[in-house]
Every structure is written in C-alpha cells, then in structure tokens.
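Written below as structure tokens is the structure these notes are about.
For this chain, numbers begin at 1 and follow the sequence in order.
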Amino acid sequence: MKQSILLDGPKFQITLKRLSQQLIENHGDFSNAVIIGIQPRGTYLAERLVQEIKEMTGVQVPLGILDITFYRDDFRMKGASPLAANSTVIDFIIEGKDVILVDDVLWTGRTIRSAMDAIQAFGRANRIELMVLVDRRFSRQIPIQPDYIGIQVDSIDSQKVIVSWKEVDDNDSIVLITEKK
C-alpha cells in the first residue's frame with residue numbers, strides 16, 4: 001500500500017481559511033445564509049468554517065448537521081439498520097435561505113444528491129451551494145459539481161482519499177492511498 005500526503009499541517013489550515021474567505025466574499029454578513037455539514041465527516045469541515053468565519057468577521061453563521069442515511073439510494077443494499085444512522089440537528093428555518101452544503105470528499109455525487117433530497121424536508125431553500133474539501137473530479141456517477149473546492153484530486157476508483165481531522169484522528173491531513181498489486 002502506497003500513501004501520498006496531499007495536504008497537511010499549515011497548508012491544511014491555509015486551505016480552510018481560503019474556503020472561509022470565499023464564503024465571506026460571496027455571502028457578506030450571512031444574514032440569509034446557513035451552513036449544513038453532512039454526517040459524519042462533513043460536520044468537522046462545517047464546524048471549522050463557522051469558527052473561522054466568526055474569528056474573521058464576528059458573525060455566528062447558523063450551523064446544521066444533516067444525516068442522509070435514509071435518503072441514500074443504496075440504503076437497502078448495504079443492509080444498514082436504523083442503529084447505523086447519525087443525528088440531524090437543524091434548529092433553524094431554511095425556507096428562502098442560501099444553504100451552503102458541506103462535505104469532506106466529493107466522489108460519485110450520490111451523497112450530495114441524497115443530502116439535497118434530505119434538505120427538502122426542512123423547506124425550500126433559495127439556493128444550495130456545495131463546498132467540499134476534496135473533489136475527486138473524474139469519478140462522478142451523477143452530474144454534481146462543487147461551488148467551493150479545497151483541493152482537486154485526480155484519482156482512479158481503486159484509490160482511496162482519506163481526510164483526517166484533529167477532532168477525531170489527532171491530526172489534519174488528506175492522504176491518497178493506492179493498493180500495490
């Protein structure tokens with residue numbers, strides 16, 4: 001197995017700051033915007049973005065956490081039980097809001113499609129934007145493209161992209177893993 005570090009240390013932090021600044025440029029005071037992180041690992045990026053924006057502007061952006069387990073098109077195929085589901089915490093109205101949907105890795109597009117289905121249960125958003133830390137751009141099965149990208153990775157399906165978060169993995173990094181044959 002071969003591991004290539006794509007991003008870590010100061011470059012990881014710079015990427016988070018850049019993404020936060022892009023949001024500030026596009027949303028100003030965030031009076032009509034909310035950030036929603038997709039469970040499980042998109043939540044870490046969403047929380048960091050809200051923290052960075054608050055440090056830079058003093059604005060507390062509403063933060064939601066979205067579980068898509070029951071909206072996935074492969075839910076029954078995986079044999080998952082309701083115990084495998086995470087929680088959804090969206091304690092604000094998204095009707096007419098600009099929703100910034102956040103996930104760590106965009107690969108096939110199926111997770112994002114499921115998230116857009118799940119968000120509809122909370123109202124009709126004015127607009128939905130997508131932010132991802134990693135865009136695996138040549139692996140789409142559904143035509144979904146991010147509005148904000150931390151890093152683009154050209155990888156093949158047999159490779160894995162692993163995002164580590166200091167909150168749960170003790171460090172911030174993005175690693176590309178290739179199985180040796």
Side-chain angles (χ1 to χ4, degrees), residues 6-7 11-68 71-73 86 88-90 92-155 161-165 172-174 176:
L6 302 176
L7 206 61
K11 289 184 180 179
F12 192 99
Q13 300 311 317
I14 289 168
T15 300
L16 293 179
K17 286 188 183 301
R18 176 177 50 80
L19 291 170
S20 300
Q21 289 169 340
Q22 288 175 330
L23 288 176
I24 293 166
E25 288 173 15
N26 291 338
H27 292 279
D29 65 358
F30 292 90
S31 60
N32 198 46
V34 298
I35 294 177
I36 298 179
I38 300 173
Q39 286 274 27
R41 305 200 49 101
T43 59
Y44 302 116
L45 177 55
E47 289 167 352
R48 295 270 194 96
L49 291 169
V50 167
Q51 179 182 355
E52 285 288 336
I53 292 167
K54 183 166 178 135
E55 287 175 13
M56 288 185 216
T57 67
V59 174
Q60 181 67 45
V61 182
L63 171 65
I65 305 298
L66 182 66
D67 178 58
I68 61 161
Y71 292 89
R72 295 186 60 89
D73 59 4
N86 293 299
T88 292
V89 180
I90 299 177
F92 47 80
I93 303 295
I94 69 164
E95 190 76 33
K97 296 284 186 184
D98 293 336
V99 173
I100 304 155
L101 195 58
V102 177
D103 204 6
D104 60 344
V105 179
L106 173 57
W107 186 17
T108 63
R110 292 184 178 279
T111 296
I112 304 308
R113 188 212 42 87
S114 300
M116 289 189 300
D117 288 346
I119 283 176
Q120 288 182 343
F122 295 91
R124 185 176 187 272
N126 177 52
R127 174 173 55 175
I128 298 176
E129 295 178 332
L130 176 59
M131 174 180 285
V132 295
L133 186 59
V134 181
D135 177 14
R136 292 183 65 171
R137 63 185 172 167
F138 295 128
S139 303
R140 296 289 186 279
Q141 296 173 358
I142 296 176
I144 291 177
Q145 298 301 318
D147 298 289
Y148 308 94
I149 301 167
I151 184 173
Q152 287 184 324
V153 178
D154 299 336
S155 60
V161 175
I162 306 295
V163 178
S164 298
W165 296 97
D172 292 332
S173 66
I174 302 170
L176 179 67

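- Applying the side-chain hydrogen bond (donor to acceptor under 3.5 Å, both in side chains) test to every pair with at least one member in residues 98-107, sequence neighbours left out, gives these pairs: Asp98-Asn126, Asp98-Arg127, Trp107-Ser139.
- Inter-residue side-chain proximity for Val50 and Gln60 is flagged as met; some heavy-atom pair is nearer than 4.5 Å.
- Atom CD1 of Ile93 has 12 or fewer heavy atoms from other residues, nucleotides or ligands within 6.0 Å.
- Between the side chains of His27 and Glu129, at least one donor N or O sits under 3.5 Å from an acceptor N or O.
- With a 4.5 Å cut-off on side-chain heavy atoms, Ile36 and Ile65 do not count as touching.
- Atom CD of Gln21 and atom OG1 of Thr57 lie 11.0 Å apart (nearest 0.5 Å).
- A pairwise comparison of heavy atoms in Asp29 and Val59 identifies O-CG1, 3.5 Å as the closest pair.
- To the nearest 0.5 Å, atom CZ of residue Arg124 and atom CD of residue Gln120 are 9.5 Å apart.
- Note that the CG atom of Leu49 and the CG atom of Leu23 stand 6.0 Å from one another [nearest 0.5 Å].
- By the 4.5 Å heavy-atom criterion applied to side chains, Val34 and Ile100 are not counted as neighbours.
- Between Trp165 and Phe12, the ring planes are perpendicular. Angles over 60° get that label, and only those under 30° would be called parallel.
- Here Ser114 pairs with Ile68, Tyr71, Arg72 under the side chain to side chain contact (heavy atoms under 4.5 Å, CB included) rule; sequence neighbours left out.
- No side-chain heavy atom of Gln13 sits under 4.5 Å from any side-chain heavy atom of Leu7.
- What you find for Met56 and Ile24 is that their closest heavy atoms are SD-CD1, 3.6 Å.
- Scanning all heavy atoms of the two residues, the minimum distance from Gly64 to Ile90 falls at CA-CG1, 4.2 Å.
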- request: For side-chain contact (heavy atoms from CB on, under 4.5 Å), just list the numbers for Ile53 and Ile35, CA-CA rounded to whole Å, side-chain angles, deciding distance to a tenth of an Å, and then say yes or no.
  value: CA-CA 11 Å; Ile53 292 167; Ile35 294 177; 4.0 Å; yes

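- Proximity of Arg140 to Gln145: side-chain heavy atoms (C-beta onward) are separated by under 4.5 Å at one or more points.
- Expressed to the nearest 0.5 Å, how far CG of Leu19 lies from CG of Leu45 amounts to 6.5 Å.
- The minimum heavy-atom distance between Arg48 and Asp172, with the atom names listed, is NH2-OD1, 2.8 Å.
- In terms of heavy-atom proximity, Arg41 sits nearest to Val163 at NH2-O, 2.9 Å.
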query: Going through the checks in order, is the side-chain contact (heavy atoms from CB on, under 4.5 Å) test met by Leu63 and Glu47?
result: CA-CA 7 Å; Leu63 171 65; Glu47 289 167 352; 3.7 Å; yes

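- Each of Leu106, Val161, Val105, Ile174 was evaluated against Leu133; a single residue qualifies, Ile174, per the side chain to side chain contact (heavy atoms under 4.5 Å, CB included) test.
- With contacts defined as side-chain heavy-atom distances shorter than 4.5 Å, the pair Val132/Tyr148 does not qualify.
- A distance of 8.0 Å separates CZ of Arg113 from CE of Met116, quoted to the nearest 0.5 Å.
- Residues passing the ring pair (Phe, Tyr, Trp, His ring centres under 6.0 Å) test with Phe122: none are found, sequence neighbours excluded.
- The shortest non-hydrogen separation linking Thr15 to Gly150 is CG2-CA, 3.6 Å.
- In this structure, the side chains of Val61 and Lys54 stay at 4.5 Å or more apart for every pair of heavy atoms.
- To the nearest 0.5 Å, the span separating CG on Asn32 from NZ on Lys97 amounts to 5.0 Å.
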message: Pair Val102, Ile38 - check side-chain contact (heavy atoms from CB on, under 4.5 Å), show working.
response: CA-CA 6 Å; Val102 177; Ile38 300 173; over 6 Å; no

